[in-house]
Amino acid sequence: METEERGRKVEESRGNKRLSESPPDDDCCPICFGSFTVPCRSNCGHWYCGSCILQFWNYSSASEPCKCPMCTCKIVNLMPDASLLQQQQQQDQEVTEVLKSVQRYNLLFVGGVRGFIQKVRELPFFIKRMFQGLMDPDANDIYIAEMRIFAMVLSIIYRATPFDFIPTGGLGIGRVFDFSAISLVLILRLVGIYRRRQLMQRVRRLAAMELLQE
């Protein structure tokens, strides 16, 4: 009984530490392994740099919450360090921008009607993120599925309108939109590969120039 009681108190102290308003002094960001910059606590209790966790989210689906790198829990809320919230008028531009991005992230996944309205408002952002993901040769295939779903929604909207100006050739408007989405995905992926190759060639040229200067 005494051992169980001691274990329970240890777990409670750990829980209180994880859910504190400021990150532990002896801890570091588990993404960059450096000191916290604009520290933010996830709803699961883990601390990250605000910019680090948002950058980590950039490599996943824009329409889904980021998964915690520590426990894979879906992060639906990021709480900045309490000291940052108390000193909003004394912050530099970079910190202010990160806090705005964190607030924007929280609104996207707040849920309910408010969250849906925010997603509608951020539709250009989602489309931009989708296209960026499709142009990344290292990205997973989740953006392809989202693109096909988007094409299906467009085909439903097209059927609901009185317009009939897209030639289907007997395939049906649903397949036309689907094939168009797949073709666009392939084109964007090829563009991404070409851009990656151009960037690598530029890096090699810069490295060669530095060696010649030495």
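Heavy atoms only: backbone and side chains are in, while hydrogens, waters and symmetry mates are out.
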Quiz item: If you group Ile, Leu, Val, Met, Phe, Trp and Tyr by side-chain heavy-atom gaps below 4.5 Å, do I53 and M70 land in one group?
Solution: yes

Quiz item: Does a side-chain heavy-atom distance below 4.5 Å link R104 with K100?
Solution: no

Exercise. Please answer: with hydrophobic residues joined when any side-chain heavy atoms are less than 4.5 Å apart, are V176 and I182 in the same cluster?
Key: no

Quiz prompt | Close side-chain approach of C71 to H46, heavy-atom, < 4.5 Å | solution = yes

Quiz item: Cluster question for you: counting only ILVMFWY and a side-chain heavy-atom cut-off of under 4.5 Å, with indirect links fine, are L107 and L99 together?
Solution: no

Quiz item: Is E97 atom CD crowded by more than 12 heavy atoms from other residues, nucleotides or ligands, each under 6.0 Å away?
Solution: yes

Which side-chain N or O atoms in residues 154-163 pair as donor and acceptor under 3.5 Å with protein atoms at least two apart or in another chain?
| unit_1 | atom_1 | unit_2 | atom_2 | d |
| --- | --- | --- | --- | --- |
| S155 | OG | M152 | O | 2.5 |
| Y158 | OH | F165 | N | 2.9 |
| Y158 | OH | I166 | N | 3.1 |
| T161 | OG1 | Y158 | O | 2.7 |

Quiz prompt | Same apolar cluster (I L V M F W Y, side chains within < 4.5 Å links), I31/Y105 | solution = yes

Exercise. Measure the spacing between CD of E94 and OG of S51 and express it to the nearest 0.5 Å.
Key: 7.0 Å

Quiz item: Roughly how far, to the nearest 0.5 Å, is the CG atom of L108 from the CH2 atom of W57?
Solution: 5.5 Å

Quiz item: About how many Å separate CG of L199 and CD of Q201, when rounded to the nearest 0.5 Å?
Solution: 10.0 Å

Quiz item: Is the shortest heavy-atom distance from the side chain of C49 to the side chain of C32 under 4.5 Å?
Solution: yes

Quiz prompt | Side-chain donor or acceptor of D81 paired with backbone N/O of P39 under 3.5 Å | solution = no

Exercise. Quick one: pull up CH2 in W47 and SG in C40 and give me the separation to the nearest 0.5 Å.
Key: 7.5 Å

Quiz item: If only atom types and distance count, is the side chain of N43 paired as donor or acceptor with the main-chain N or O of N77 below 3.5 Å?
Solution: yes

Quiz item: CZ/R41 to CG/L78 distance, rounded to the nearest 0.5 angstrom?
Solution: 10.0 Å

Quiz item: If you measure from CG on D178 to CD1 on I149, what distance do you get to the nearest 0.5 Å?
Solution: 11.0 Å

Quiz item: Of the non-hydrogen atoms in P65 and F109, which two are nearest, and what is the gap between them?
Solution: N-CE2, 3.5 Å

Practice problem: Consider only side-chain heavy atoms of I, L, V, M, F, W and Y, link residues closer than 4.5 Å, and tell whether V185 and V191 are in one cluster. | Solution: yes

